[in-house]
Amino acid sequence: MSVPLAAPLAGSVDLDRRMSPRLILSRVVALCVVELQKLSHDRSELVTRAVQPALWLVIFGVTFTKLHAIPTGGVPYLDFLAPGVLAQSALFVSIFYGIQIIWERDAGVLAKLMVTPTPRAALVTGKAFAAGVRGLAQAVVVYAIAELLGVRFTVNPLRLLGVIVVVLLGAAFFCCLSVTIAGLVLSRDRMMGIGQAIMMPLFFASNALYPVSLMPGWLQVVNHVNPLSYQVEALRGLLIGTPARLPLDFGVLIVATAVGIAAASGLLARLAR
């Protein structure tokens, strides 16, 4: 009688161990590392992805700074623009993760991951924060270019730590948004089209390029529900000291990321079919 009772008990203990927070965290980190190892095989990606933000800063930023066409409250326009371009670069890195996960589905990689005991939320979280680390790599490039152009960002270590958290959360959310869309459309071609269709509207409907006060009323409404706007506001407040609602900004990004992970996790099984 003792053997049948012992077996389920051992199984339940093993299950508890598998699902322990420490083990889940270790698997999230492992998945994140695996994602980042892909970057080491194509280091030129960082250079090519830096071209677009460099053009925004060098051409758009420098030109409009000289024109004084956009009122930014006494802040040089290039300084105003740089945090927005930094957020944009993280967005562009993250928004196409849906294409990658569809490719993994087609190659059979996703099915193998789904049969492991790792929770779906951990799989999504690993990818999301891998996107965040890639976004940080892009942020370093944008930071360096902006400094060369004369933008003077903060050197306060606590503020820079806040910048790291903001970039990680923003990139993680947009990665989850991309994976969620991938779970709905199930096609690389459709995913690419939708990614391109929403990427620029998200950017232009935020406060990355111009103050909210200059927007028409309907665009201000869109701006207030756009997570990118809160990311940009937090980055400006931390990097150049403009007024920012940091508790609100961090709160929105945390909630958006949590909702994004839940939504993407829920659609992961549909994607793997």
Side-chain angles (χ1 to χ4, degrees), residues 49-50 52-57 60-61 64-65 70-95 131-132 134-147 149 151-154 156 159-178 198-216 218-257 260:
R49 287 188 181 275
Q52 190 172 51
L55 290 175
W56 275 104
L57 288 172
F60 195 85
F64 276 77
T65 298
I70 300 177
T72 52
V75 177
Y77 183 71
L78 186 60
D79 294 34
F80 179 88
L81 176 67
V85 172
L86 193 152
Q88 178 216 42
S89 64
L91 164 67
F92 285 10
V93 167
S94 307
I95 204 68
R134 285 194 178 204
L136 279 175
Q138 290 296 116
V140 170
V141 175
V142 174
Y143 189 102
I145 295 171
E147 285 280 354
L149 292 173
V151 178
R152 290 295 170 256
F153 288 138
T154 184
N156 185 312
R159 287 181 172 269
L160 291 177
L161 180 61
V163 169
I164 291 172
V165 174
V166 169
V167 173
L168 283 173
L169 288 172
F173 166 73
F174 289 113
C175 172
C176 292
L177 175 63
S178 180
I198 67 173
M199 186 168 55
M200 295 312 292
L202 279 170
F203 180 51
F204 286 113
S206 74
N207 54 357
L209 296 177
Y210 26 70
V212 178
S213 58
L214 298 182
M215 299 178 183
W218 65 269
L219 190 56
Q220 290 187 23
V221 173
V222 176
N223 171 79
H224 290 317
V225 297
N226 184 354
L228 185 64
S229 297
Y230 296 92
Q231 184 183 11
V232 172
E233 181 179 88
L235 289 173
R236 279 205 187 103
L238 292 166
L239 286 170
I240 63 174
T242 56
R245 303 160 296 175
L246 291 178
L248 175 64
D249 297 331
F250 276 94
V252 168
L253 291 172
I254 290 169
V255 171
T257 302

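It should be emphasised that the depicted structure is a prediction, and the values quoted were computed from it without experimental measurement.
- In this structure, the separation between OG on Ser94 and CE on Met199 is 11.5 Å, given to the nearest 0.5 Å.
- For Arg152, the side-chain hydrogen bond (donor to acceptor under 3.5 Å, both in side chains) test picks out Glu147, with sequence neighbours left out.
- Contacts of Thr257 classified as side-chain hydrogen bond (donor to acceptor under 3.5 Å, both in side chains), with partners at least two apart in sequence or in another chain: none.
- Contact detail for Ala208 and Phe80: the closest heavy-atom pair is O-CE2, 4.3 Å.
- Within the 4.5 Å cutoff, no side-chain heavy atoms of Ile240 are placed close to those of Thr154.
- Under the rule for a side chain to side chain contact (heavy atoms under 4.5 Å, CB included), the partners of Leu253 that lie at least two apart in sequence or sit in another chain are Val166, Leu169, Gln231.
- The distance from the CG atom of Leu238 to the CG atom of Asn156 is 9.5 Å, given to the nearest 0.5 Å.
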Verdict with reasoning, Leu209 to Phe64, per side chain to side chain contact (heavy atoms under 4.5 Å, CB included): CA-CA 10 Å; Leu209 296 177; Phe64 276 77; over 6 Å; no
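- Here Asn223 pairs with Ser229 under the side-chain hydrogen bond (donor to acceptor under 3.5 Å, both in side chains) rule; sequence neighbours left out.
- Counting only residues at least two apart or in different chains, salt bridge (Lys or Arg N to Asp or Glu O under 4.0 Å) contacts with residues 80-89 are absent.
- Ring geometry for Phe203 versus Trp56: interplanar angle over 60°, hence perpendicular rather than tilted (30 to 60°).
- What you find for Gly237 and Ala244 is that their closest heavy atoms are CA-CB, 3.8 Å.
- In this structure, Asn226 and Leu202 approach most closely via the heavy-atom pair ND2-O, 2.8 Å.
- Screening residues 198-213 for side-chain hydrogen bond (donor to acceptor under 3.5 Å, both in side chains) gives no qualifying pairs among residues at least two apart or on separate chains.
- Here the options are Ile254, Val255, Leu248, the test is side-chain contact (heavy atoms from CB on, under 4.5 Å), and the partner is Val252; only Leu248 passes.
- The salt bridge (Lys or Arg N to Asp or Glu O under 4.0 Å) contacts involving residues 74-92 comprise nothing, where partners must be two or more places apart or lie in separate chains.
- With contacts defined as side-chain heavy-atom distances shorter than 4.5 Å, the pair Leu81/Val151 does not qualify.
- The two atoms that bring Val85 and Pro53 nearest to each other are CG1-CB, 3.5 Å, heavy atoms only.
- Here Phe92 pairs with nothing under the ring pair (Phe, Tyr, Trp, His ring centres under 6.0 Å) rule; sequence neighbours left out.
- Judged as a salt bridge (Lys or Arg N to Asp or Glu O under 4.0 Å), the pairs with a partner in residues 236-250 (not counting sequence neighbours) are, in order, Glu233-Arg245.
- Scored by the ring pair (Phe, Tyr, Trp, His ring centres under 6.0 Å) test, Phe204 finds no partners at all (sequence neighbours excluded).
- Scored by the ring pair (Phe, Tyr, Trp, His ring centres under 6.0 Å) test, Tyr143 finds Phe153 as partners (sequence neighbours excluded).
- Taken to the nearest 0.5 Å, the OG1 atom of Thr72 stands 8.5 Å off from the OH atom of Tyr77.
- The two residues His224 and Val212 make their nearest non-hydrogen contact at CE1-CG1, 4.5 Å.
- For Pro216, the side chain to side chain contact (heavy atoms under 4.5 Å, CB included) partners at least two apart in sequence or on another chain are Trp218, Leu219.
- Put simply, CG on Leu78 and OG1 on Thr65 are 4.5 Å apart, with the number rounded to the nearest 0.5 Å.
- Note that CG of Leu177 and CG of Leu91 are 9.0 Å apart. Values are rounded to the nearest 0.5 Å.
- Leu57 and Ala146 make their closest contact through CD1-N, 4.2 Å (heavy atoms, listed as atom of the first residue, atom of the second, distance).
- Taking 4.5 Å as the limit, some side-chain heavy atom of Pro71 sits within range of a side-chain heavy atom of Leu214.
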